[in-house]
Amino acid sequence: MNDAKHLSEKLLNIDGKGYPAYKSIKGSYDFEEFQLIIDHVQGDPYAAPSKIRVRLVREVAQIPSELTNTTSRRIGVCSHLAGVFTENTKKYSGRKGSGKSGLLTMDGPGQEVLLTTAVTMNDDYVEARFFAGLPARGRRVLGRRAEEMFLKNIPALVKEALLFRNLDQETLAQAARTNEDAENARRKLQENGLIAFVANGAILPRLSGVDNRPMRRGAVPFQSPPSLEVQLTLPNAGEVTGMGIPQGVTLIVGGGFHGKSTLLEALERGIYNHRAGDGRELVVTDPTAVKIRAEDGRAVSGVNISPFISNLPGGIKTTDFSSQNASGSTSQAANIIEALEIGSKTLLLDEDTSATNFMIRDSRMQALISKEHEPITPFVDKVKKLWSNNGVSTVLVMGGSGDYFEVADCVIAMEEYRPKNVTLESHKIVESFGSNRCDEGSGGFGSLTFRKPLPQSLDPSKGKRTESVKSRGVKTVLFGTDELDLSSVAQIVHPGQLRAIGDAMLKIKHLADGEKTLNDLLNEIEEGISEHGLDFLSQHPTGNLSEFRRYELGAALNRLRTLRTRA
Ligand code: ADP
Ligand code: MG
């Protein structure tokens, strides 16, 4: 392997040459304390920055093994290191020259703690992956600048962010403990008959609708009603107390602006662990929970929505329902069925983002429009069966209709951001005020169809390229020429997840054969990642992928406008 001096000489030698001369620095260099690997060199100063990796053996990094000897500790530590590294890149990053010259960045974490490819660790080494804009003036190599970047700035950055002696050791240990506790709490949900746990003292509201950090001033800490309180014993925090949301059907009711949606959003994000200081470190939810909403305009391909919708005008089949422009109710039905099809056991719904006619149909409406003229069986007539027949729980924010009291196992009222258990009261109301509506959900929940995607319907080609997949932020994937709108898929929280989902869609294109079900395909992706890590998804090592769930990958596939399936 070449050494650092060799890289330095190369860079000084190409000073003033055309930008493609940078291609010669691709390779691996021994920097004594670490190994520097230049995986990809950008073609010009305006292109996506070059991909760099550094590897430090554990003896050099000196991160104690007790902080990394379980998966959850290690992920907590890696995420924290990625945060420190990202923060420190700012000191050394500056646009000096044309295009992206001088830029140093890492794809750092947000509030959620995810397995990513930015900083990873095994028993032998710690690896950090980041991006560098190789300096140029116009399209000429600025060799001295590049030399300073590689020989001075990057080594300083690596030492500040990855050597244990230079880190705040207490916060590092806390990152490991926090992540382990959250993971442990989530694992304890099922044995306690719960689908979620919200610790007393948790801070649920966020800084703003577009800023996921905790509200700073005036946040009312969470406090469970005594009758819903449960204790969990965690490896680091010991015994913690909070509100347990039981399996079954739970309603969150209460006046407008009293914190209902804020609680539900915290539950949505409770599928992820959170960094220390987030406020939701001990808000944990069933890892299969999926947020459901109406999403009119989405494409739907071959979904059996008959449990909710049948007898559409014009004889449109609903056991195999396809549409390029689904309505509010059909899109919401499809969102539920698709989540169930790939294994979700908890649905989260908010009246704010639901289709009214999908959620309720009261006695007066039943009297005016008879059942045979209404294709929709409202959710209120199915939600209980989802639990009793299919073992699927629901948490539903519903301030607008008391018809749900009848089917709710637990009713939580938010009052000035404080939850109250009003289950008994609501059941008494059911006894004294009959609703006069008839249950329209005859029989069980209805059957599920496990669809098989047809490979020729997954087409990532665009122009001359046979495979083109790009993602933008957390809302858009461009799969070939199909621009997927994922803005209604609420549980994608980091751009790295969407990049990884795009790569996984390409893999699925190659795995699909018309025989494998969507479930089979998602299982293969999950197995590949659990065996090989996220690098399983990409052809070259890259530092900007984050873990995602089968539900979000499934959601992306299901929104492909070209998707065709068979039953
Ligand atoms: P609802 O869904 O009941 O109408 P929201 O959950 O949207 O209410 O909350 C209304 C407002 O109150 C939001 O601006 C939210 O940030 C704020 N909020 C929610 N929970 C708390 C809390 N625990 N402490 C302080 N403010 C809160
Ligand atoms: Mg609301």
Side-chain angles (χ1 to χ4, degrees), residues 110-112 195-226 228-229 240-245 249-272 274 277-285 289-295 328 332 335 346-360 379-380 383 394-405 408 410-423 425-426 487-491 493:
Q111 293 300 108
E112 287 79 17
I195 57 98
F197 173 81
V198 185
N200 289 343
I203 299 297
L204 307 190
R206 300 292 97 190
L207 207 48
S208 79
V210 292
D211 193 330
N212 192 22
R213 289 173 299 169
M215 180 184 269
R216 282 206 197 96
R217 232 163 283 157
V220 177
F222 190 84
Q223 180 63 45
S224 173
L228 289 175
E229 241 166 24
V240 293
T241 303
M243 182 171 86
I245 299 185
V249 180
T250 298
L251 293 189
I252 301 173
V253 302
F257 224 66
H258 280 260
K260 301 184 298 296
S261 298
T262 302
L263 172 56
L264 193 81
E265 276 156 27
L267 300 179
E268 273 165 54
R269 297 293 175 97
I271 58 164
Y272 299 120
H274 292 88
D278 174 83
R280 300 169 299 185
E281 293 93 324
L282 287 176
V283 179
V284 292
T285 308
V290 174
K291 171 69 183 293
I292 299 293
R293 55 170 292 165
E295 192 183 345
Q332 189 160 2
N335 283 345
T346 299
L347 305 177
L348 306 172
L349 286 81
D350 192 326
E351 62 184 345
D352 290 354
T353 50
S354 291
T356 308
N357 60 342
F358 180 78
M359 299 306 289
I360 52 180
F379 192 63
V380 66
V383 65
T394 298
V395 181
L396 171 58
V397 169
M398 181 48 82
S401 169
D403 286 352
Y404 274 89
F405 293 170
C410 177
V411 185
I412 297 165
M414 294 303 288
E415 225 178 85
E416 297 184 13
Y417 317 127
R418 289 186 178 83
K420 277 172 57 180
N421 184 356
V422 296
T423 311
E425 262 173 276
S426 69
S487 52
S488 296
V489 183
Q491 290 160 298
V493 297

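Just so it is clear, the structure is predicted and the values come from calculations on it, not from any experiment. Atoms within each ligand, like the ligands themselves, are counted from 1 in listed order.
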Query raised in the report: Has ligand 1 got any nitrogen or oxygen that is less than 3.5 angstrom from a nitrogen or oxygen of Asp352?
Result: no
Query raised in the report: If you measure from each heavy atom of Met414 to ligand 1, is any distance below 4.0 Å?
Result: no
Query raised in the report: Based purely on interatomic distance, does Val220 place a nitrogen or oxygen under 3.5 Å from a nitrogen or oxygen of ligand 1?
Result: yes
Requested in this report: Output yes if Glu351 passes the N/O/S-under-2.8 Å test against the Mg ion (ligand 2); output no otherwise.
Outcome: no
Query raised in the report: Nearest heavy-atom pair of Gln332 and Ser354: which atoms, and what distance?
Result: NE2-OG, 3.1 Å
Requested in this report: List the atom of Gln111, the atom of Pro214, and the distance in Å for their closest heavy-atom pair.
Outcome: NE2-CD, 3.8 Å
Query - Any N/O pair Arg206/ligand 1 closer than 3.5 Å - result: no
Query - Where Arg269 and Arg280 come nearest, the two heavy atoms and their spacing - result: CG-NH1, 3.9 Å
Requested in this report: Would you please determine whether Gly399 falls within less than 4.0 Å of ligand 1 on a heavy-atom basis?
Outcome: no
Query raised in the report: Which of the atoms in ligand 1, numbered in the order shown and given with their element, are less than 4.0 Å from a heavy-atom of Gly218?
Result: 24 (N), 25 (C)
Report summary line: Ranked by distance from atom 7 (O) of ligand 1, the top protein heavy atom is Ser261 CB, 4.0 Å
Query raised in the report: Just distances here: any N/O of Gly259 and N/O of ligand 1 closer than 3.5 Å?
Result: yes
Query raised in the report: Which atoms of ligand 1 are found less than 4.0 Å from any heavy atom of Gly255?
Result: 3 (O)
Query - Any side-chain heavy-atom pair of Val283 and Met243 under 4.5 Å - result: no
Requested in this report: Report the nearest protein non-hydrogen atom to atom 9 (O) of ligand 1: residue, atom name, distance rounded to 0.1 Å.
Outcome: Thr262 OG1, 3.5 Å
**Report entry** Which residue and heavy atom of the protein sit nearest atom 4 (O) of ligand 1, plus the separation
**Finding:** Phe257 N, 2.6 Å
Query raised in the report: Can a non-hydrogen atom of Gly254 be found less than 4.0 Å from any atom of ligand 1?
Result: no
Report task. Provide, to 0.1 Å, the distance between atom 16 (O) of ligand 1 and the closest protein heavy atom, together with that atom's residue and name. Result -> Met215 CE, 3.8 Å
**Report entry** Cys410 vs Leu228, side chain to side chain contact (heavy atoms under 4.5 Å, CB included): CA-CA, chis, key distance, verdict
**Finding:** CA-CA 10 Å; Cys410 177; Leu228 289 175; 4.1 Å; yes
Query raised in the report: Within a strict 4.5 Å, meaning less than it, do heavy atoms of the Thr285 and Glu268 side chains meet?
Result: no
Query raised in the report: If only atom types and distance count, is the side chain of Arg217 paired as donor or acceptor with the main-chain N or O of Met215 below 3.5 Å?
Result: no
Query raised in the report: Does some side-chain heavy atom of Asp350 sit less than 4.5 Å from a side-chain heavy atom of Ile252?
Result: no
Query raised in the report: Which of the atoms of ligand 1 are close to Gly256, meaning less than 4.0 Å from one of its heavy atoms?
Result: 4 (O)
Requested in this report: Considering heavy atoms of the protein only, find what lies nearest to atom 20 (N) of ligand 1 and give residue, atom and distance to 0.1 Å.
Outcome: Tyr417 CD2, 3.3 Å
Query raised in the report: Has Thr262 got an N, O or S atom lying less than 2.8 Å from the Mg ion (ligand 2)?
Result: no
Query raised in the report: Which of the atoms of ligand 1 are close to Ala219, meaning less than 4.0 Å from one of its heavy atoms?
Result: 24 (N), 25 (C)
Query raised in the report: Is there a donor-acceptor pair closer than 3.5 Å between any side-chain N or O of Lys260 and the backbone N or O of Gly254?
Result: yes
Requested in this report: Restricting to N/O/S, name the atom of Asp352 that gets closest to the Mg ion (ligand 2).
Outcome: OD2
Query raised in the report: Between atom CD1 of Ile412 and atom CG of Asn421, what is the distance when rounded to the nearest 0.5 Å?
Result: 7.0 Å
Query raised in the report: Are side-chain heavy atoms of Glu112 and Asn212 found at a separation under 4.5 Å?
Result: yes
Query raised in the report: Regarding Asn200 and Thr241, is there a side-chain donor-to-acceptor distance under 3.5 Å anywhere?
Result: no
